[in-house]
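What follows is one structure encoded as structure tokens, with my remarks underneath.
Quick caveat, the model's predicted, so the values are computed rather than measured. Every number for a ligand or one of its atoms is a count from 1 in the order of the listing. Numbers here simply count residues along the sequence, with the first being 1.
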Amino acid sequence: MKILFASPEAVPFAKTGGLADVAGALPKALAQMGHEVNLILPKYRGIDERRFPALPAGMVLKIPISQKVISGEVYALDLAPRFRALLLRQDAYYDRDQMYGTPSGDFEDNAERFIFFSRAVAEAALELTPDIIHCHDWQTGLTPVYLKTLYRWSPALARAASIFTIHNIGYQGLFWHYDFHLTNLGWELFTPKALEYYGKLNLLKGGIVFADAVTTVSRKYMEEIQTPEFGKGLDGVLRDRREDLYGILNGVDYEEWSPAGDSFIKEKYDAPDLKGKKACKADLQREFYLQEEPNVPLLGIISRLTDQKGFDLLAPIMKDLMRLGVQFVLLGTGEEEYNLLFQKIGQSYPRQAGIRIAFDNVLAHKIEAGADLFLMPSQYEPCGLNQIYSLRYGTIPVVRATGGLDDTIQDFNPLNEEGTGFKFIDYTPHCLLEAIKRALQVYRNRPVWEKIMVRAMAQDFSWGKSAREYVNLYEKILAKKKEAPAKP
Ligand code: ADP
């Protein structure tokens, strides 16, 4: 199959979260299976031109944005056999220091920047003639809309099917209705059945309503987002599409995230020989100016600092945690309130808590390798990657039983000593603390703890299985399309 993959971010070019990991790794896995994949994303300023010498692909796209015509040029770079990256250059939109906004808020023209991107994807598809156009998150939400409207009768796309993946329904690309004219779509689409959401323009909703199939990144989250509690206002729209809604768990790239081959960490290790992990722990303690205590449990966290990730549970129990005598390291950036709060905690407990308010990939690897436990008390979690990385590093996750966290972590059962982590259900600080205490109790029993570590490290969430599920879905929607082709 020829697959066009459209994402606002992808490793190794640009990353703010898990979407980038997926958009880098899934196309790679699809190409390894023999499919031909083009990955398209904006050419942001942060993409290092020396490291990624992309060349003009001879594709200049002219995109109508309201009364203007804006052009974008496609640069191409081969990443692997059958896997090519296409970087869409439009300097006024993407040649900026940040991808989506500054610390004081989103860019004011984000609607325009990503309406342009969504339409450019459809326009590029005319030249690339893919079978599948796989779009990700609200920044590409209008692509399936364009394919079903303005591009519906393009012979080049007659057989193409679109699929839209929701990585986090909390981010919908919601803009005031004055931005609608930028889409150059007819106002008949500005209704609650299509792109309108209580008087506003909702780009994510476009992807959900118009794509041939909709997926999200775990089975549990697929069920959750159809409920008012988790649907963020779009649960009804999703229930309307439940026949075409799928939950496919994200895989992880073990070439990047595995202690046996990780060049960022102090000493490589692999089960059952866990000596190297001790060296990584000492290294991490030094990094954060903590005492090099091999037996003091070290809790790690790497996260965007937002309510979604459970920081409103963690903040009130920090004192209790410190009283338990553990060490704690945190790497994250996000809401100013949490940045300040955790910096203060670091200052209050310099011997126990190491806080780094930053985005630092190398340090993220060191925490995965050096910590004993990994905390992920998310309010909701579409899939979550860090808990999966943690498993492979033998860093036992303590998670809330929601979304992908519930799907990937098996709660430890003291009766048969099975399980790969510790889960709690109710979203309360007390339940989080109890789960951590339960984990710490087992931690003191070294043979049992090592058994959990070895079991965790043996879990396999590589892309192979998930990529096959996507291929099956691609084939299914293509077959469906063939049976019932669109007629003029
Ligand atoms: P989300 O996409 O909701 O942020 P995920 O767990 O799916 O959460 O993915 C987060 C990804 O971003 C992981 O690869 C994680 O290591 C990385 N990450 C998050 N915060 C940081 C940070 N401050 N520094 C380095 N990497 C980070």
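Here the two rings, on Tyr389 and Trp257, have centers that are under 6.0 Å apart.
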Need the list: ligand 1 N/O atoms against protein N/O atoms, distance under 3.5 Å, rounded to one decimal.
residue: ligand 1; atom: 2 (O); partner: Gly18; partner atom: N; Å: 2.6
residue: ligand 1; atom: 3 (O); partner: Arg304; partner atom: NH2; Å: 2.8
residue: ligand 1; atom: 3 (O); partner: Lys309; partner atom: NZ; Å: 2.8
residue: ligand 1; atom: 4 (O); partner: Arg304; partner atom: NE; Å: 2.8
residue: ligand 1; atom: 6 (O); partner: Leu385; partner atom: N; Å: 2.9
residue: ligand 1; atom: 8 (O); partner: Lys309; partner atom: NZ; Å: 3.1
residue: ligand 1; atom: 9 (O); partner: Gly18; partner atom: N; Å: 3.3
residue: ligand 1; atom: 14 (O); partner: Lys15; partner atom: NZ; Å: 2.9
residue: ligand 1; atom: 14 (O); partner: Asp21; partner atom: OD2; Å: 2.7
residue: ligand 1; atom: 16 (O); partner: Asn386; partner atom: OD1; Å: 3.1
residue: ligand 1; atom: 23 (N); partner: Ala358; partner atom: O; Å: 2.8
residue: ligand 1; atom: 24 (N); partner: Asp360; partner atom: N; Å: 3.0

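Counting heavy atoms from C-beta outward, Arg438 and Asp411 have side chains that approach closer than 4.5 Å. In this structure, the side chains of Thr165 and Tyr470 come closer than 4.5 Å at one or more pairs of heavy atoms.
Relative to the ring axis of Tyr75, Lys43 places its NZ or CZ within 45° and under 6.0 Å from the centre. Taking the centre and axis of the six-membered ring of Tyr44, the NZ or CZ atom of Arg96 falls outside the cone set by 45° and 6.0 Å.
Every residue two or more places apart in sequence or in another chain that forms a side chain to side chain donor-acceptor pair (under 3.5 Å) with Asp253 is listed here: Lys28.
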